[in-house]
Amino acid sequence: MTLQADLKTAQDRLAEYLAEARHAVAFTGAGLSTESGIPDFRSPGGLWTQNKPIPFEIFLAHRAARTEAWRRKFAMDAAFSSAKPGRGHLALARLIQDGQLSGIITQNIDGLHQASGVPPDALVELHGNGTYATCLDCESRYELDWVHTQFHAHGELAPDCPACGGPVKSATISFGQSMPQGEMLRASAMTRSSDLFIVIGSSLVVYPAASFPIRAKQNGARLVILNREPTELDDLADLVVRAEIGDVLAPFA
Ligand SMILES: [Zn+2]
């Protein structure tokens, strides 16, 4: 592992790697969006240290848990609806546009990659999408406005699917919920074809997130980890940059 503390040297090295790569892939996590005002829920003082996440099993079993999940979701959407892509998002969108980056695999559900202009075919959303809801039984799609209206029409109560009575959930992946098959396959294919794999703002503690950089490395790709804090996989990386993501990526935008 080469830990690069000097910003300019780190940027030069990253530019060099990008120039040499044929299929560079970025893997992004919550740390990319903190500059946009979206907190990293896992960080100390983050929402998840105050509100324990609701496991999928509990969500399915209890309406009270579903109601609490929707209450949190609406509160977060209200707080972060004005979030704009940060310098990191803009840099990645530019690299995609210029053909220097083949694709982005993201753990984020904030929609900021899309907002910065990354086309859907270059983006894999591993943890789903928070901009709509689905019935977990019949897979009917529901808009958040509809859920919001139903929620309040019954004195803050999670609505059931009108078609089949099943539980309605935002189209994101919760703790304990299985990963979406199609997205996992696309992410695996992207990882397999990469010769440069750049982790950005992910602490790589959640499985299967950590498996992607490991597989890329096993396939012979160069591995770069850009994160404010140390990660589990720093020892595997060719280049580790511990700095503010926006500062490092700004010149690439
Ligand atoms: Zn249904």
Side-chain angles (χ1 to χ4, degrees), residues 27-30 33 38-42 46-48 50-83 103-115 118-190 202 206-209 211-212:
F27 183 96
T28 66
S33 293
I38 295 174
D40 182 351
F41 299 151
R42 288 190 184 82
L47 278 186
W48 287 359
Q50 298 156 31
N51 286 313
K52 273 173 74 177
I54 299 164
F56 187 57
E57 260 181 50
I58 306 293
F59 180 95
L60 284 182
H62 305 283
R63 186 184 303 279
R66 296 198 286 280
T67 295
E68 175 59 17
W70 279 112
R71 191 177 291 129
R72 290 183 192 180
K73 162 82 177 144
F74 293 138
M76 280 208 303
D77 283 359
F80 308 132
S81 61
S82 59
I104 300 171
I105 303 167
T106 189
Q107 299 175 276
N108 298 340
I109 53 167
D110 52 36
L112 290 176
H113 282 303
Q114 291 92 328
V118 174
D121 62 344
L123 182 66
V124 178
E125 294 179 284
L126 274 186
H127 293 177
N129 184 306
T131 62
Y132 63 94
T134 51
C135 168
L136 292 171
D137 287 347
C138 74
E139 293 176 12
S140 293
R141 173 179 167 138
Y142 295 99
E143 300 311 316
L144 296 182
D145 282 350
W146 177 85
V147 180
H148 195 262
T149 306
Q150 294 295 312
F151 186 82
H152 287 292
H154 302 97
E156 298 209 337
L157 208 60
D160 293 330
C161 171
C164 78
V168 174
K169 185 178 172 299
S170 93
T172 51
I173 306 301
S174 300
F175 278 86
Q177 188 174 7
S178 56
M179 301 295 287
Q181 195 89 38
E183 296 301 87
M184 285 297 284
L185 287 173
R186 286 184 63 216
S188 297
M190 253 189 211
S202 173
V206 183
Y207 188 87
S211 70
F212 292 102

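Since this is a predicted model, take the numbers as computed values, not measurements. In this chain, numbering begins with 1 at the start of the sequence shown. Order of listing sets the numbers, starting from 1, for every ligand and every atom in it.
Listed for the Arg66 side chain is no donor-acceptor partner under 3.5 Å among the backbone atoms of Val168. Put simply, the side chain of Trp146 never gets that close to the backbone of Ala133: no donor and acceptor are under 3.5 Å apart. Looking only at distances, no side-chain donor or acceptor of Glu183 sits under 3.5 Å from a matching main-chain atom of Val124.
No hydrogens or angles considered: a donor-acceptor pair under 3.5 Å links the side chains of Ser174 and Lys169.
Between Arg141 and Glu143 there is a salt bridge, with a side-chain nitrogen of the basic residue lying less than 4.0 Å from a carboxylate oxygen of the acidic one.
Heavy-atom neighbours of Glu156 CD from other residues, nucleotides or ligands within 6.0 Å: above the threshold of 12.
Listed by chain and number, Cys135 SG, Cys138 SG, Cys161 SG, Cys164 SG are the protein N/O/S atoms closer than 2.8 Å to the Zn ion (ligand 1), with waters left out.
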